[in-house]
Number of protein chains: 2
Amino acid sequence: MKLLYAEDERSLSEAVVDILTFHKYTVDAVFDGQDALDYAEMGDYDAIILDIMMPKKNGLEVLQALRAKGIQTPVLLLTAKSEIEDRITGLDLGADDYLPKPFAMGELLARIRAMLRRRESFTPNLLTLGNLSLNQQSYELTVGGKSELLPKLEYQILELLLLNKGIFLSTEDILVKVWGYDTDADVGVVWVYLSYLRKRLAGLGADVQIKAKRGIGYTLEVQP
Amino acid sequence: MKLLYAEDERSLSEAVVDILTFHKYTVDAVFDGQDALDYAEMGDYDAIILDIMMPKKNGLEVLQALRAKGIQTPVLLLTAKSEIEDRITGLDLGADDYLPKPFAMGELLARIRAMLRRRESFTPNLLTLGNLSLNQQSYELTVGGKSELLPKLEYQILELLLLNKGIFLSTEDILVKVWGYDTDADVGVVWVYLSYLRKRLAGLGADVQIKAKRGIGYTLEVQP
DNA sequence: TCCGGGATTTAATGTTATATTAAGGTAAAG
DNA sequence: CTTTACCTTAATATAACATTAAATCCCGGA
């Protein structure tokens, strides 16, 4: 577990880092708000601990900037001022928890654990082959950095092919699985969608192709 | 974290226990109200999940008996009946939360976490994404400094979307979760409320949008 | 009890992504 | 060389979605 800890008071920082390290966390320590922001954007941390009072940018500003950039890493705010105002503001800005100073190390550890636990539940369901991956929850097809949200039928066909790697599926197979057993659609429509998919894969620069075998069917093939 | 789970439908129980176990909870499963009560009195659980419809004693009776004995363990009620009556009764009897069946595992996990968190600290129960936060206790939606108290249906839809970040929910999903599986309302009403929510989010200057994908559903998306 | 106003639903109308159709091409098998 | 399975594109149709306004419900106060 990798944490970012932003705290300008050196002696406190040192002590906390020691203890966190002892508890098997990997910790990066920074000492002002600007560094905190830069580090947070770069490294992928499992959680971020932000002091509110810091030079250059305060913790709330850092938090706001992070959320504005869509970075959803859990954040625990620390502050010496136990005033309710900060607390409200922090939580409104998207902090996950809040701990007033001075705090006991046990309490800090408990909050970090709680925060990490809370986030663990997202497990995207990905189908991958070659350099492409298909998210079964978001319907997103990703190749390299680029993503596209697939229309339903394209998604269903691609999913079907990915679930049957190495197996040839006939147009009838695809028609039945995607359009349903009792459809009256023509096989031509399958060809149309395979064509769309091929164009899309090429456009994204995928190293995966839809390979056809006359009279047998289709399968995905990774390019060398 | 140790949970007690009372549910008479074996296949559901088994599945839920598996997932909870996977998420590091220790789970005791019982299959009727009497057992639920006996176990709850003995073991010290961090939370109890009670189905309402159960043999011997129903969930509401178990809850009432527990509170009568001064046992304050947090209780989450489950029920197939989407009727408001049960909800009121349950909350009056001292339930901490309520989840109508059928539910997504993500929702159940979120509610359990919320319940546990509520006990361990007085952190308000906030769902956040981008620059918005939704208070699950007060129904307040906050963006920047501004807050608005949401009408019930708008609140429920937004909560549902926030509990299912990254997942597309179809209009039918939303209809079933919010209006109940036995509603005779038309999907049009979902569109209307999504429209209201969009207008409200825009009015508050949220950087979160409700994104629609034809034939698939809706999800929240943070603007860059 | 009736009334007023917010909450919810219905209805009517507009918009557009995407599913389907149609038609004209290519190339593999025999 | 012919057949036919396969491929692609473009035009069209359709149902899903979006918005607004008007109608109805429902609840608390007078």
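These figures come from a predicted structure and were not determined experimentally. Chain letters run A, B, ... following the sequence lines, proteins first, then strands; residues in each count from 1.
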For the residue pair B/Trp191 / B/Tyr196, report whether a side-chain donor-acceptor contact shorter than 3.5 Å exists. no
Crowded around B/Lys57 NZ? As in, over 12 foreign heavy atoms under 6.0 Å? no
Determine, for B/Tyr45 and B/Lys2, whether the Lys NZ or Arg CZ falls below 6.0 Å from the six-membered ring centre while staying within 45 degrees of the axis. yes
Look only at the side chain of B/Glu7 and the backbone of B/Glu9, and say whether a donor-acceptor pair between them is shorter than 3.5 Å. yes
Whole angstrom is fine here: how far is it from OH in A/Tyr155 over to P in C/dT18? 15 Å
Length of the line joining B/Ile210:CD1 and D/dT19:C1', which is rounded to integer Å: 14 Å
Nucleotide C/dT15, atom C1' - distance to CZ of B/Arg198 in whole Å: 13 Å
Donor-acceptor check, side chain of A/Asn131 to backbone of A/Asp207, threshold 3.5 angstrom: yes or no? yes
Under 4.0 Å between any heavy atoms, over every strand shown, what does A/Tyr218 touch: base, sugar-phosphate, or nothing? Just pick one. sugar-phosphate
When the distance from CZ of B/Arg200 to P of D/dT20 is rounded to whole Å, what number comes out? 15 Å
To the nearest angstrom, how far is A/Leu194 atom CG from D/dA5 atom C1'? 13 Å
Atom pairs, N/O to N/O, protein against nucleotides 8-10 of chain C, distance under 3.5 Å?
unit_1: C/dT8; atom_1: O5'; unit_2: B/Tyr193; atom_2: OH; d: 3.4
unit_1: C/dT9; atom_1: OP1; unit_2: B/Trp179; atom_2: NE1; d: 3.3
unit_1: C/dT9; atom_1: OP2; unit_2: B/Trp179; atom_2: NE1; d: 2.9
unit_1: C/dT9; atom_1: O4; unit_2: B/Tyr196; atom_2: OH; d: 3.3

Can a donor-acceptor pair be found between the side chains of A/Asp173 and A/Ser170 at a distance below 3.5 Å? yes
Within the supplied structure, the quantity of interest is the number of heavy atoms (other residues, nucleotides, ligands) at a distance under 6.0 Å from A/Lys165 NZ; does it exceed 12? yes
Distance-minimising heavy-atom pair for B/Arg200 and B/Pro151: NH2-CD, 3.4 Å
A/Ile174 CD1 - D/dA5 C1' separation (whole Å): 14 Å
Degree of bending in the helix from C/dT1-D/dA30 to C/dG30-D/dC1 once both end axes are built from five pairs, to 10°: 30°
Counting heavy atoms not belonging to A/Lys152, are there more than 12 under 6.0 Å from its NZ? no
Any N/O pairs under 3.5 Å between the protein and nucleotides 14-16 of chain D? List them or say none.
unit_1: D/dA16; atom_1: N3; unit_2: B/Arg214; atom_2: NH2; d: 2.2

Does CZ belonging to B/Phe31 count more than 12 external heavy atoms closer than 6.0 Å? yes
Round to the nearest Å and state the distance from B/Lys199 atom NZ to D/dT20 atom C1'. 7 Å
Atom OG of B/Ser147 and atom CG of B/Leu134: how far apart are they, to the nearest 0.5 Å? 10.5 Å
